[in-house]
Amino acid sequence: MLDTVTTTAVRELTFGEAIREALAEELRRDPRVCLLGEDVAEAGTAFKVLKGLVDEFGKNRIIDTPISEAGFTGLGVGAAMTGLRPVVDIMFGDFLTLIMDQLVNQAAKIHYMSGGAWKVPLVLRTTMGATRRSGAQHSQSLHAWPAHIPGLKVVVPSTPADAKGLLKSAIRDDNPVVFFEDKISYAKVKGPVPSHDYTIPLGVADVKREGTDITLVGTSSMVQVALGAATMLEQVGISAEVVDPRTLWPLDEKTLVESVKKTSRCIVIDEGYARYGVTGELASVIAEGAFYDLDGPVRRMGARHVPIPFAPPLEDATVPTEQQVVELARQMCHK
Amino acid sequence: MLDTVTTTAVRELTFGEAIREALAEELRRDPRVCLLGEDVAEAGTAFKVLKGLVDEFGKNRIIDTPISEAGFTGLGVGAAMTGLRPVVDIMFGDFLTLIMDQLVNQAAKIHYMSGGAWKVPLVLRTTMGATRRSGAQHSQSLHAWPAHIPGLKVVVPSTPADAKGLLKSAIRDDNPVVFFEDKISYAKVKGPVPSHDYTIPLGVADVKREGTDITLVGTSSMVQVALGAATMLEQVGISAEVVDPRTLWPLDEKTLVESVKKTSRCIVIDEGYARYGVTGELASVIAEGAFYDLDGPVRRMGARHVPIPFAPPLEDATVPTEQQVVELARQMCHK
Amino acid sequence: MNTVSNVKKSSDVGVDRLLHMYRQMLAIRLFEERANDLYTRALMPGLAHLYIGEEAIAVGMCEALDRSDYITSTHRGHGHCLAKGATPDRMFAELLGKASGYCKGKGGSMHIADPATGNLGANAIVGGGAGIATGAAFSAKYLGTKQVSVCFFGEGALGQGVLYEEMNLAQLWKLPAIYVCENNMYNEYTHYSETTAGEILARPAAFGVAAERVDGQDVRAVYAAADRAVRRGRSGQGPTFLLCDTYRHHGHHVGDISREYYRPKDEEQRWMSERDPIKLCEGWVSAEGLADGDTLDRMRAELTATMDAAVQSAMAAPYPQPHEVDQDVYA
Amino acid sequence: MNTVSNVKKSSDVGVDRLLHMYRQMLAIRLFEERANDLYTRALMPGLAHLYIGEEAIAVGMCEALDRSDYITSTHRGHGHCLAKGATPDRMFAELLGKASGYCKGKGGSMHIADPATGNLGANAIVGGGAGIATGAAFSAKYLGTKQVSVCFFGEGALGQGVLYEEMNLAQLWKLPAIYVCENNMYNEYTHYSETTAGEILARPAAFGVAAERVDGQDVRAVYAAADRAVRRGRSGQGPTFLLCDTYRHHGHHVGDISREYYRPKDEEQRWMSERDPIKLCEGWVSAEGLADGDTLDRMRAELTATMDAAVQSAMAAPYPQPHEVDQDVYA
Ligand SMILES: Cc1ncc(C[n+]2csc(CCOP(=O)(O)OP(=O)(O)O)c2C)c(N)n1
Ligand SMILES: Cc1ncc(C[n+]2csc(CCOP(=O)(O)OP(=O)(O)O)c2C)c(N)n1
Ligand SMILES: [Mg+2]
Ligand SMILES: [Mg+2]
């Protein structure tokens, strides 16, 4: 399912390791690439994902910043305009709240406002995902916000191989790209990753599993939930197709619509809030494109519409589960 | 169509005048209400909407701030928690980028995070709407962002009477409410406004015009576009119903769904970007609720997915027009 | 260590006050030791950022406050919370996500809040309390209540621009806000000298805010400075900034065990052995004969029993019911 | 008026340079007068914020820069843009939203940008250029190009926290950034004393940034200070902050006609008659006999012709084609 894979060594890596490998390869390939963020150097970030990069690339390229998210993101924008290809690290996606001006009023608009004169080849890496018992200010999945904004590209990888190939594309892209990494996946999600230099184009969805009865569209960590649900559904005789858009923008509408035209049923599963977010967009695109083939309305599952609570039993109730997907799918398939 | 109107004096007011009247009445009624923002006092804001309030209420309650959007919004949050009912003025909706942390990580979550112990009765007034030739950083309609966030309420009034009644409700509400005022409407939209002390509850949609063939769901300035289109459609024998949700959250799903169940066709029109925004949510809610009555997919019209350009012919191409609504509606009604 | 101490003789503070502050510091220490233990035994969900080593700041500061005065706190907030008057049982319950916690289990370690003690809430956004604290000071002035509002934050928050926006507002409007910078020298795993240009005290001063450096390990010095700041605030003279030098004995959070790559062992050793605020205080108490060993032992025994009971009751308490997840979103 | 002048004799600056700066200031003045006229006659869409009265700052500053050095500008940006080398025809075209404008009509008055002259763009977010300018300085250091990067902003931007975040970064990393504060005393319709606590110069100083106050109406003084700052930057000594006292002759924007409620008439009068940077410069030129009246008249005539022609060509130019609306969203 990787676009540019040829026969080559493939290792099992974690999601986090794949990210690190992508960064290391791009840092090696292009001296204009540098990393900026809090505790990115020796500490390798709070998630330890960057551990070791500073040893190879030094403190001039792996740069610890003050706790000034707006400050160093803005600096990244200017650096991107003037010859560098900075990768800015925002530790928790919740802190996007602090940098929206740099991202949205500056990075996203500069190319257009200047009539194409300036470019902003910036990558903004950040995290998403709950269930880490981190509380309401460290658990949000805010990828819907940048996806709403023209001028930004938004990536939500679900597997180590995708993460590597998409991150490398993001770094080589001449536009500001917001790259969301699921925190839980860092260590938990493992998968085969080619060791050579491949990229995956932004804007190409991936059918992670083929099926005929229902389409489960999943993003980021919800792809794993969809795959788990699909396995369970198989046992009750429901053949589920799992489609991963991989990028929210550009959006591969065609693959989504075609899958649903085939299956006639669809659940969209995303870890952001379902309200006014990603699920509404994907469901609408699918409903517009596959309306006459639909057996019933496209259904949406997202984070419960509450600030993420701390208490484990409450927090666990905020994220869609395999079991819930299975139940809804069975209902929709009348099985 | 006002919920609590009794027979009383009704004057023609502009949208801006209605807002001022609502503020003046609430300032008079409750000494805990105060206004904070840039140039809100003598200047009455850049839009002159608050002109005169400082004369009646003084500089201790109508408070000019430094150009520190995050700073005074954050201050407003703390003031709201400790006994005041501040109304914070963010001159252009585009500057929401600067205050998302105060609004989203603080104001929206404090009640929940504290297990209900603290309340944040804050109103955040700001603007939306393009076609003022103000460029990409002064023309956005970002109401989808706060609507995505649990803990916030979001109001998008379309008429002077609604604006007055909803703003008064917002000020009396114990939650943070984001109140979006369309800049063009300030002077352009006029309408009858009762002079007495009435409120309109948050969460109740308003059928602005009844019809049977198609439902036009409009928000904010797009209600006027929908009404204009409805008039034109009448001439070609299409009876359009115009529904104004008035608040994005809480959302009166029932009124939306019921209208479409009746008409079987729907266009959602909103001035924010159509992608990953308000139109996707409203379309999905309607599709989920009225799927089996729908003649075809719910269609969406929003701002073109580009940073708002300055050049008049380009900018005008970014906002849905009556003509476009009419064309799409005719297509959908096969007339 | 280079801390400018404003040390006063213990008797200036008053014996009862000093002993009370000692007790408060000890309570925090014992609380945090138990939090560490719970975490280490995998009995606590999530993370905790321990206040051990920094107790004198919260205690000295809160000693100068009334119950109705306001505070905002940080991710490293248990100490502020206890010093302001919270009870350990409801705190432990919150740390464990239990329904009897201060936030019904919805907040957790980084979000404890309590209107009864004027605690506007801990905040997991670095610098996130600055606006709230300044707003509470604004209310106090607007309503004429004479309350003051204290914003606790680590030196890492000096990186957040909003702090300067708030200090500017506080000084312009002469608000009774007190900005307490707990400089434990590390922003997570990065020394503050790598993140902080210029002189820290010059920052508040640049906005006209009265600023003072304080030995954050001497609870008497903190109390004295706090008292001055509170007087300034209550009398309408505006905000104060207190820069308190301090040190965290443990890691950034409880899981931060191997710290040599960012923080020398001997530095840790030195602060723990020579600059522990509780040991220092004990030293003054005994040197000046303010209390005998028995009194202190009894205090420790009492507090130990309280803390152990608090852990017990929190452990035994039920989690919130699943349906509660949808409650408290809107007032 | 209380401006500390760092005045040098004109001869220190050099006659050619002074005349060049005079010419540049005059060009800006004539440009802005036409912008005002276009707006007043409803020929220009949107708003414009005129730089009239502040010309010496952009000109003195840019005189010390190379073409490849960077600038960021503001909503009041026409002067910076021209001083950095933009041509008036493409600027007028942009102001009118024409396809031949610097941004193909997509930017407008508040967003003119031009890679050829190192103009990273005007910015309609107050303080919005701070990050970009600091980032360009970061690139220059990273790539070893010896460029410097100038961030122009009004004193209103002192209210934006991000400015302090950027100055901290610039000083920590010794970036060749120059922060130029144009203090025209008003944030829109509010006097800066109502929005700005403490001493302005103490703010950069608090972050260790070298700071200097400059008479913003004396183009020689601005140039001299700029030159010092540029040398500091190029030689790796880090950032500089220049506080330039100035005044805008017109309203906040062209529609701001009745200003008495926020700004006294006699204050305006005084600045216009006594402190106009162009008149002052003219005075030095003639007093020191650096050029005769004819030379200056010829200069004015030439510039007038250029500006009129620029307006003409911009007026005659076509708008962008409708389909262009979707272009340039992504590179
Ligand atoms: C805005 C923001 N950025 C980053 C973080 C992640 N983070 C949590 S604590 C911390 C370090 C804080 O250092 P300091 O303020 O000195 O407090 P200390 O932990 O030393 O008490 C960081 C970077 C955060 N919580 N909020
Ligand atoms: C972040 C932000 N807040 C508010 C505004 C609205 N606004 C435009 S110009 C201005 C005043 C700017 O004052 P100053 O920085 O002193 O520049 P001057 O206009 O005096 O040149 C304001 C408040 C804005 N553009 N951006
Ligand atoms: Mg610290
Ligand atoms: Mg100004």
Side-chain angles (χ1 to χ4, degrees), chain B residues 31-32 34 36 59-61 63-86 88 98-99 101-122 149-153 173-177 202-203 249-250, chain C residues 70 72 94 99 101-108 110-116 118-125 127-143 145 147 149 151 160-170 172-173 175 177 320 324 327-331:
Chain B
R32 299 167 304 171
C34 58
L36 290 153
K59 288 198 68 123
N60 285 332
R61 295 183 67 195
I63 303 163
D64 278 339
T65 63
I67 309 175
S68 305
E69 282 82 2
F72 64 80
T73 302
L75 184 147
V77 174
M81 293 170 72
T82 53
L84 303 186
R85 305 186 82 83
V88 166
L98 294 162
I99 62 159
D101 196 67
Q102 305 303 327
L103 199 56
V104 169
N105 279 332
Q106 311 303 340
K109 295 181 173 43
I110 284 169
H111 186 64
Y112 192 82
M113 291 193 304
S114 69
W118 288 109
K119 289 176 193 165
V120 186
L122 175 85
I149 304 299
L152 299 177
K153 297 186 178 180
D173 199 287
D174 273 344
N175 298 285
V177 180
L202 308 184
W249 200 262
Chain C
Y70 295 113
T72 62
E94 191 57 38
Y102 270 106
C103 313
K104 303 182 190 163
K106 285 176 174 159
M110 297 201 285
H111 299 294
I112 301 181
D114 178 27
N119 183 348
L120 294 160
N123 213 302
I125 300 295
I132 295 169
T134 309
F138 178 87
S139 283
K141 176 158 185 195
Y142 187 103
L143 299 169
T145 62
Q147 288 156 293
S149 177
C151 177
Q160 292 286 326
V162 72
L163 180 66
Y164 306 99
E165 299 188 9
E166 300 298 347
M167 289 199 292
N168 186 48
L169 290 166
L172 277 173
W173 300 341
L175 305 182
E324 294 181 40
Q327 292 172 358
D328 302 319
V329 182
Y330 293 95

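Order of the sequence lines sets the chain letters (A, B, ...), proteins ahead of strands, with each chain counted from 1.
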C:K104 side-chain N/O to B:G115 backbone N/O, donor-acceptor pair under 3.5 Å =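 Answer holds: yes.
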Sub-3.5 Å donor-acceptor pair from the side chain of C:Y330 to the main-chain atoms of B:L152, do we have one?
->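 Judged by distance alone, yes, a pair lies under 3.5 Å.
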So which pairs with a foot in residues 64-78 of chain B pass side chain to side chain donor-acceptor pair (under 3.5 Å), sequence neighbours left out?
->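 Matches after skipping sequence neighbours: B:E69-D:Q160.
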Is [X] close to chain C through its backbone or its side chain, or both, or neither, when contacts mean heavy atoms under 4.5 Å?
{"X": "B:I110", "value": "side chain"}
{"X": "B:P31", "value": "backbone"}
{"X": "B:L36", "value": "side chain"}
{"X": "B:I67", "value": "neither"}
{"X": "B:D101", "value": "side chain"}

With chain B, which of C:G121, C:G161, C:A133, C:G128 has the greatest number of heavy-atom pairs at distances under 4.5 Å?
->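 Most pairs with chain B among the choices: C:G128.
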Pairs of heavy atoms under 4.5 Å with chain B: top-ranked of C:G105, C:G131, C:A170 =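 Of C:G105, C:G131, C:A170, C:G131 has the most heavy-atom pairs under 4.5 Å with chain B.
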Residues in salt bridge (Lys or Arg N to Asp or Glu O under 4.0 Å) contact with B:K153, at least two apart in sequence or another chain =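 B:K153: salt bridge (Lys or Arg N to Asp or Glu O under 4.0 Å) contacts with B:D173.
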Contacting moiety of [X], where chain B heavy atoms sit under 4.5 Å:
{"X": "C:L120", "answer": "both"}
{"X": "C:Y70", "answer": "side chain"}
{"X": "C:Q327", "answer": "backbone"}
{"X": "C:D114", "answer": "backbone"}
{"X": "C:L163", "answer": "neither"}
{"X": "C:V329", "answer": "both"}

Minimum heavy-atom distance [X]-[Y], with the two atoms named:
{"X": "C:S139", "Y": "B:G78", "result": "OG-O, 4.4 Å"}
{"X": "C:L172", "Y": "B:P66", "result": "CD1-CG, 3.7 Å"}
{"X": "C:G135", "Y": "B:T82", "result": "O-OG1, 4.0 Å"}
{"X": "C:F138", "Y": "B:I63", "result": "CZ-CD1, 3.4 Å"}

Between C:Y142 and B:R61, do the side chains contain an N or O donor and an N or O acceptor separated by less than 3.5 Å?
->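 Judged by distance alone, the side chains do pair up.
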Most contacts with chain C, counted as non-hydrogen pairs under 4.5 angstrom, among B:H111, B:M81, B:K109, B:R32 =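 The answer is B:H111.
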Find the one option among B:N60, B:V77, B:D174, B:L84 whose heavy-atom pairs under 4.5 Å with chain C are most numerous.
->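 Winner by heavy-atom pair count: B:L84.
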For residues C:I125 and B:Q106, determine if any side-chain heavy atom of one lies less than 4.5 Å from a side-chain heavy atom of the other.
->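 Yes, side chains in contact.
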Can C:I132 and B:W118 be said to form a side-chain contact (heavy atoms from CB on, under 4.5 Å), step by step?
-> CA-CA 12 Å; C:I132 295 169; B:W118 288 109; over 6 Å; no
